[in-house]
Amino acid sequence: MKKPPYSNLEDKHYSPINIEDNIYEYWLSQAAFKPNPDSDKPRFSVVIPPPNVTGRLHMGHALNNSVQDTLCRYKRMKGFDVLWVPGTDHAGISTQSVVKKHLDAEGIDFYSLGREAAVNKIWEWKNSYGDQILGQLKKLGCSCSWDHVRFTMDEGLSSAVKVAFKKLYDDGLIYRGKYIVNWCPVDKTALSDDEVTTKEGGEPGFIWQIKYKIENTNEYLTVATTRPETIPGDTAIAVNPEDPRYKKLIGLNVHVPLTDRLIPIIADDYADKEFGTGCLKVTPAHDPNDFQIGVRHNLPQINVMNEDGTMGDQAPAQYHGIDRFKFREIIVEELKNLNLLHSVEERMTPVGRAQRSGAVIEYRLSDQWFVQMKPLAKKALLKLDQGDLNIFPERWDSVFRHWLENTRDWCISRQIWWGHQIPAWYNKTTNEILVDIDTPEEVKNNPDSWVQDEDVLDTWFSSALWPYSTMGWPEDTIDLRTYYPTSVLSTAKDIIYFWVARMVMTGVNFLDKVPFKEVYFHPVVCDHKGETMSKSKGNGIDPLHIIEGADVVTLERPIRDARPPQMETMLQELHKNYAEGFSAVGADALRVTLLSLNSQSQQVQLSLKKFDEVGKKFTDKLWNASRFVLSKLTSGETKEINEENLSLEDKWILGRLANTIEGVGAAIESYKFHEGIACFMSFFWDDFCDWYLELTKSSFKDATSNEAILKRSILKKIFFDSLKILHPIAPFITEELWAHAGHANPLCKEAYPEISFKFNKETDEQFLVVREIVRTLRNVRADLGMSAHKAITVAIKPLNEEAKSLINQSIESVIRAANLISLSTVTERPSSFISSVMPNFELYLDLTGAIDINAEIERNKKQIQKLEKEGSSISAKLNNENFIKKAPSEVIEETKNNLLGIESQINRINQVIKELSS
RNA sequence: GGGCGUUUAGCUCAGCUGGUAGAGCACAAGCCUUACAAGCUUGGGGUCACAGGUUCGAUCCCUGUAGCGCCCACCA
């Protein structure tokens, strides 16, 4: 294959098109991402949070995988043997419903296919579309080990699931039982507590007060409910035993409306005297709390609904098959007619919804499998107490622990077909249960008497094993021995319970080790209004549109698909800003933008504009600076840099380089990506491009001079080191530029730079003074409306020895940077020159004929005003007795010096004004 | 109801262990200067949400209030 570079240096702008894909192929051809278990390097390993097979890369993935790739590339350059395991998750319910939808569209009924055929259909789907997202990860630049691709339903991982299930079952940590569970009537399956969401403050609804006639009396008991459709399932009325209103009624019966059943009035503490009427209808088969009351009082459990949320055969016959919400309306109407409806009141009521389908969940009594969590959580907490897991940002640590300390049993069986079928067999006659990894002998010998559990396991059950199942567990593989536990897990915090906590628990349980040493929770990706990006809101930005560009019709698509209420406004806004579409900025710009916004806060706000403003701008700047540097590098020879020959600005920029090498590395290691990027940008853009490059330009007039050779050598060092520093963050463009510089070997295999010239604070401060002199000169000219192109003559008076020596070694730099004819040191102001006052200098500019005296006086007065404001607050501080008494002496000293400096400047400016006026 | 986060320039956000605030964008003025006008130079702009407290000194620490966001629990 053709090696890089793939671009033309003549181009004035960086174009990622045609570069990135080629570079990625190049990396693969160099086996750049292959781990080597035999090496003696230290290890760094990461498992990817496996995206859903049905998934398409979204901004959250882009952010998270940019983070992981930056970490992996950095560690590789730092001399680690790196394994990054990629893969996908079978995502049970969501994949099954996606495929079902597609089959529906083709006119094929999913359920009538039967289990085997339906599952085959999903496999077909998986095999043709399942790897798309992995290709998209490559677009991002992810340096995964592609020999390690795993899928949660691979043979190996499936066997790990069965082994885990059996071990937990044998240890008594998995049990089966008839309990009330969250039920999704759309997907017709049980859900774990974590898969149910409730809206803050509830949803609009009603509270009905309904009269139950007390047996053998003409009296009624009024009961409040938000769910009258469950009335046919009532098996008791509970009142608080201490409630004087109802004490005497305990033990009597009431009539269940619309039926001829009688149910008892019972006493239970759960009934709150203060709430509602104080009477609670108890429906054990349709409410978790009622279920508990039912257990305490041995009440019958009457399930009145079918799997799909229609009324079942335990409800009165005429209502069978009617939807629960329709029945709610009917029963209210009936009650009204029977004069049993006491009152109706509008009210926000808590409503649980299934995360996937959005349907209002039902509570359903059914046989399910559960994992007993407390013992697992306890073991995990012990490891946490030993400090075996570091969480970043730290604040999530307590959230994590709190969940582990309060976790409840986990319902793991799902009534769907796509997933790991539960390895349990039931004897049809004796109801004996066998759990095993493979079909047990008894079953094989007598297949007609046994039946395997129809259910599959919750997707998160296999995800919980991911860090080690991907490495071959339960076999004792070399990967497992070498790379487990992994170094870091980077993930979104919304799956902290679903996934992170469960991996920790199973990892500790099966391997006695927390599966990762560190967890990093990245921020949530939001739109420019601060709303989380989601498909249903249509406010998502597709990372591929950023990388590859998109026309406006393509950009519209997510909005049109979602049809949100503000669709028109959103479309208008899009057209206003991107009528021509969004032009490709490439993966590097995407990564730089995302990581530069990635602070320790909980969210990042994104808009299309941001990618142009931050990433695109930056890659363009890097491209152009590189073009310039490369043109200088090819203009002659270089040599070893000898510290003795260096000028102030050389020492300054090399010191700043050292700071950047260190700063970016430290930022990456502490997951402060925005800090790393800010550090690099200010070095590269401000220090290197705006100051150092500008200063060196004139050194290349004679390309063979010693001066040119020295500057070229320094440019080379800074340029090459910069590419290396930036490579983990922006891998493509740096690799491309590295190739343009003539390197035969890939940048990604280079070592992260070592510091060869140390940062020196004194040098740094000295150069800052030079910058300040230049800035002052530019400022005076700009203020007086003088062209920056007209070279002028300047004299400078240093006010002390230190200043004198500083200016003597910087005269040339100031002349170049400020475009001067000459700069001479003097002890008096040359007549006709105008003055500008600095803390340790006075500058005299020859602006003969070009100045307006009054404007000049104004300029100086303005400067005095500023200084006086500053001075007055400082002197107020010094006049405070307590400050003098209690503040540390060095602070007092510094403050005094500040004031003296300011006062002296003011005096000198006043002098200038006086001279101007005369 | 419990917990967490957040409030800093017009906008988006930095600000590490307390010593009177920074960047990018936007805005204004000037510049096609030996890479970059998608650029460069210079400038204007802030009671650091509010009220108390600790301190010589608070954007920073403590308490409270309010707005915004998130998580957990859930009273029929």
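Order of the sequence lines sets the chain letters (A, B, ...), proteins ahead of strands, with each chain counted from 1.
- Distances were taken from every side-chain heavy atom of A/Thr226 (C-beta onward) to each of B/A76, B/C4, B/G39; the shortest belongs to B/A76.
- The residue among A/His674 and A/Phe700 whose nearest nucleotide of RNA chain B lies closer to the 5′ end is A/His674.
- Taking the six-membered ring for Trp and thresholds of 30 and 60 degrees, A/Trp403 and A/Tyr497 have nearly parallel ring planes, at less than 30 degrees apart.
- Minimum atom distance to the side chain of A/Arg775 is reached by B/G43, of the listed B/G43, B/G44, B/G24.
- The side chain of A/Pro888 lies closest to B/G19, out of B/G19, B/A35, B/A76.
- Taking every side-chain heavy atom of A/Arg627 into account, B/A35 is the closest of B/A38, B/A35, B/C4.
- The aromatic rings of A/Tyr578 and A/Phe582 sit tilted, their planes meeting at an angle between 30° and 60°.
- Closest to the side chain of A/Phe628, from the set B/C70, B/U34, B/G19, is B/U34.
- In this structure, the nucleotide among B/C56, B/G19, B/A73 sitting nearest to the side chain of A/Arg408 is B/A73.
- Picking from B/C40, B/C71, B/G5 the nucleotide with the shortest atom distance to the side chain of A/Gln602 gives B/G5.
- Rounded to whole Å, the separation between the P atoms of B/G45 and B/U7 comes to 24 Å.
- Ring geometry, A/Phe688 versus A/Phe683: the interplanar angle falls under 30°, so the pair is classed parallel (tilted spans 30 to 60°).
- Each of A/Lys610 and A/Pro350 was assigned the nucleotide of RNA chain B with the nearest heavy atom; the assignment lying further toward the 5' end belongs to A/Lys610.
- With both ends at atom C1', the span from B/C71 to B/G57 equals 38 Å, rounded to whole Å.
- Taking the C1' atom of each, B/C56 and B/G2 are spaced 40 Å apart, rounded to whole Å.
- Here the separation of B/G15 from B/U8, taken at their P atoms, is 14 Å to the nearest Å.
- Across all strands shown, B/C13 is found opposite B/G22 as a Watson-Crick or G-U wobble partner, with both distances under 3.5 Å.
- With B/C36, B/G43, B/A76 as the choices, the nucleotide that has an atom nearest any side-chain atom of A/Ala271 turns out to be B/A76.
- Among B/U42, B/A76, B/U12, the nucleotide with an atom closest to any side-chain atom of A/Arg778 is B/U42.
- For A/Glu694 against B/A35, a side-chain N or O and a base N or O form a donor-acceptor pair under 3.5 Å.
- Comparing the P positions of B/A51 and B/U59 gives a spacing of 12 Å, expressed to the nearest Å.
- Between A/Trp623 and A/Tyr14, the ring planes are tilted. Angles from 30° to 60° get that label.
- Taking each heavy atom of A/Ser596 and A/Ile677 in turn, the nearest pair found is N-CD1, 3.5 Å.
- Rounded to whole Å, the separation between the C1' atoms of B/A73 and B/U17 comes to 37 Å.
- Rounded to the nearest Å, the gap between the P atom of B/U6 and that of B/A14 is 9 Å.
- Considering only side-chain atoms of A/Tyr497, the nucleotide from B/A76, B/C72, B/C40 that sits closest is B/C72.
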